[in-house]
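As structure tokens, the structure follows; a few thoughts come after it.
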2 protein chains.
Amino acid sequence: MRTLGYAVLSLLSREDLSGYDLKRWMERPLGYFWSARHSQIYPELARLEEEGFVTHHVVEQRERPDKKVYGITASGREAVREWVTEPPSSQATRDELVLKAYSIWLADPDAAAALFEEQERLHEEQLRHYEEIEVWMQDNWGESPERMDFDRFASYAALRRGIGYERDYAEWCRWVAAKLEERRSV
Amino acid sequence: MRTLGYAVLSLLSREDLSGYDLKRWMERPLGYFWSARHSQIYPELARLEEEGFVTHHVVEQRERPDKKVYGITASGREAVREWVTEPPSSQATRDELVLKAYSIWLADPDAAAALFEEQERLHEEQLRHYEEIEVWMQDNWGESPERMDFDRFASYAALRRGIGYERDYAEWCRWVAAKLEERRSV
DNA sequence: TGTACCATGTAATTGGTTACATGATTAC
DNA sequence: GTAATCATGTAACCAATTACATGGTACA
């Protein structure tokens, strides 16, 4: 099974959704760690239905196009449950900015410092966005993760990874920019 | 141009290499942030040569197969130089373990904790490996990054990202595992 | 005798992005 | 009017992995 299939099943374990709804989840917030375009989602839903992991029924709407609402089957639920505690298939890391850092000696140091300052700003921005979500979760779901509902804890755990990632990434950008500045005077 | 092309040009800016040499660099250490298999590298070299960014000459070897050694051209050097300070093309984040974290409420908490403990171990291991390289660099290239040769600083900067990433990832795994344990008693 | 390494390629398949395609409603 | 959102699909293309293919040398 494709990881995208599990991403879809994971969302459908929480609630029934249309292809369009899934598309929006795959932009945000799920897209923060697993993204997909609608052109990938619609065929994936068809395949999952063929495999018996989801079913759909058409919901007719006034003043809006009709939609297909998908629900997970018992077999689908069993499939995600098995997948979720298995070790992830090791994925090759590909980070273009780190590749640029590795090649930065080819560049003009001022232009290089500017690049890392700008990237720092972008990661700080994303960090602040995640932190706002964290505050919202704490206000609405309670301060302590140990006592949150289990599905909410899961959402919070994923968010925590985003916070750590962006914080550390921004710090690295800041460090690279600072060292590039220092090198000019040494 | 493909990012893989720039990865190859970046390596060839440092020294002349054969396709096989490039393959090994793309396993480690470059593979820590940009990996490729030999089946991608050989066609890429052909394309880069067609585009005039690299040239090759055949080196005949006794007791070993002959090899094609590639060198970067002036036009290739100009191409990397331009690429290196441009902002990276935004890449969709895809982290299967975070997706599993988001879905962890579906699982048995003990099996879930075991998954995150094991992943913590793996990231700690990778961290220790990076830290050994860091010690080697400091011993051989000097303690202060500001005074390293510029190409060595670039290598060190990329390594620093690896260290930060693994340290933070391991910490997150530890946090998830701990919270899962705590939830059992609450 | 078998495994690992050197050395270079192609073919098939999968996963993902971009582009093509259509059409209604709502808000500015 | 026109842009945004709702709603669902297909086609073309690109990037990357896996598998297919060959053959010599070194070493245990």
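Residue numbers begin at 1 in each chain, while the letters A, B, ... track the order of the sequences.
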Is the closest basic N to carboxylate O distance between [X] and [Y] below 4.0 Å?
| X | Y | value |
| --- | --- | --- |
| A/D110 | A/R184 | yes |
| A/R167 | A/E171 | no |
| A/R81 | B/D108 | no |

Practice task
Any side chain to side chain donor-acceptor pair (under 3.5 Å) involving residues 62-79 of chain B? Give me the pairs, sequence neighbours left out, ordered by first then second residue.
Solution key: none

Problem - More than 12 heavy atoms from other groups under 6.0 Å of CD on B/E15 - result: yes

Fill in the blank from the handout: When B/D66 and A/M1 are each assigned the nearest nucleotide of DNA chain C, the 5'-most assignment goes to B/D66

Atom pairs, N/O to N/O, protein against nucleotides 21-25 of chain C, distance under 3.5 Å?
{"unit_1": "C/dT25", "atom_1": "O3'", "unit_2": "A/E63", "atom_2": "O", "d": "3.4"}

Taking DNA chain D as the partner, which of [range] come within under 4.0 angstrom of it by heavy atom?
| range | value |
| --- | --- |
| residues 39-51 of chain B | B/S39, B/Q40 |
| residues 5-33 of chain B | none |
| residues 78-103 of chain B | none |

Problem - Considering all heavy atoms, the nearest B/G71-B/D16 contact - result: CA-OD1, 3.5 Å

Practice task
Quick one: closest heavy-atom pair of B/A79 and B/Y6, and the distance?
Solution key: O-CE2, 3.7 Å

Problem - Flag for B/S144-B/R147: side-chain donor and acceptor within less than 3.5 Å - result: yes

Handout entry: Positional range of nucleotides in DNA chain D within the contact set of chain A, heavy-atom, under 4.0 Å
Key = D/dT5 to D/dT17

Can you give each donor-acceptor pair under 3.5 Å made by side-chain atoms of residues 23-30 of chain A, sequence neighbours left out, with the distance rounded to 0.1 Å?
{"unit_1": "A/R24", "atom_1": "NH2", "unit_2": "A/D21", "atom_2": "OD1", "d": "3.0"}

For residues 91-104 of chain A, dump all side-chain donor-acceptor pairs below 3.5 Å to protein atoms at least two apart in sequence or in another chain.
{"unit_1": "A/R94", "atom_1": "NE", "unit_2": "B/S35", "atom_2": "O", "d": "3.1"}
{"unit_1": "A/R94", "atom_1": "NH2", "unit_2": "B/S35", "atom_2": "O", "d": "2.8"}
{"unit_1": "A/R94", "atom_1": "NH2", "unit_2": "B/S35", "atom_2": "OG", "d": "3.4"}
{"unit_1": "A/D95", "atom_1": "OD1", "unit_2": "A/L97", "atom_2": "N", "d": "3.0"}
{"unit_1": "A/D95", "atom_1": "OD1", "unit_2": "A/V98", "atom_2": "N", "d": "3.3"}
{"unit_1": "A/D95", "atom_1": "OD1", "unit_2": "A/Y169", "atom_2": "OH", "d": "2.9"}
{"unit_1": "A/D95", "atom_1": "OD2", "unit_2": "A/Y169", "atom_2": "OH", "d": "2.9"}
{"unit_1": "A/E96", "atom_1": "OE1", "unit_2": "B/S89", "atom_2": "N", "d": "3.3"}
{"unit_1": "A/E96", "atom_1": "OE1", "unit_2": "B/S89", "atom_2": "OG", "d": "2.8"}
{"unit_1": "A/E96", "atom_1": "OE2", "unit_2": "B/W83", "atom_2": "NE1", "d": "3.1"}
{"unit_1": "A/K100", "atom_1": "NZ", "unit_2": "B/W83", "atom_2": "O", "d": "2.5"}
{"unit_1": "A/K100", "atom_1": "NZ", "unit_2": "B/E86", "atom_2": "O", "d": "2.8"}
{"unit_1": "A/S103", "atom_1": "OG", "unit_2": "A/L99", "atom_2": "O", "d": "2.7"}
{"unit_1": "A/S103", "atom_1": "OG", "unit_2": "B/S10", "atom_2": "OG", "d": "2.8"}

Problem - side-chain hydrogen bond (donor to acceptor under 3.5 Å, both in side chains) against A/T85, all qualifying residues, sequence neighbours excluded - result: none

Checking [X] side chain against [Y] main chain: does a donor-acceptor pair fall under 3.5 Å?
| X | Y | value |
| --- | --- | --- |
| B/E44 | B/V8 | no |
| B/N140 | B/W136 | yes |
| A/R183 | B/M148 | yes |

Practice task
Could you check how far CZ of B/R37 sits from P of C/dT14, rounded to whole Å?
Solution key: 16 Å

Exercise for the section: Report yes or no: is the cationic atom of B/R161 (NZ for Lys, CZ for Arg) under 6.0 Å from the centre of the six-membered ring of A/Y165, at an angle within 45° of the ring normal? Expected result: yes

Practice task
Can you sort out the partners of A/Y32 under ring pair (Phe, Tyr, Trp, His ring centres under 6.0 Å), two or more places apart, ordered by chain and number?
Solution key: A/H129, A/Y130

Completion exercise
Rounded to 10°, the angle between the first-five-pair and last-five-pair axes of the helix from C/dT1-D/dA28 to C/dC28-D/dG1 is 30°

For residues 174-181 of chain B, which side-chain N or O atoms pair as donor and acceptor with protein atoms under 3.5 Å away, sequence neighbours left out?
{"unit_1": "B/R174", "atom_1": "NH1", "unit_2": "B/E120", "atom_2": "OE2", "d": "2.9"}
{"unit_1": "B/R174", "atom_1": "NH1", "unit_2": "B/E124", "atom_2": "OE2", "d": "2.7"}

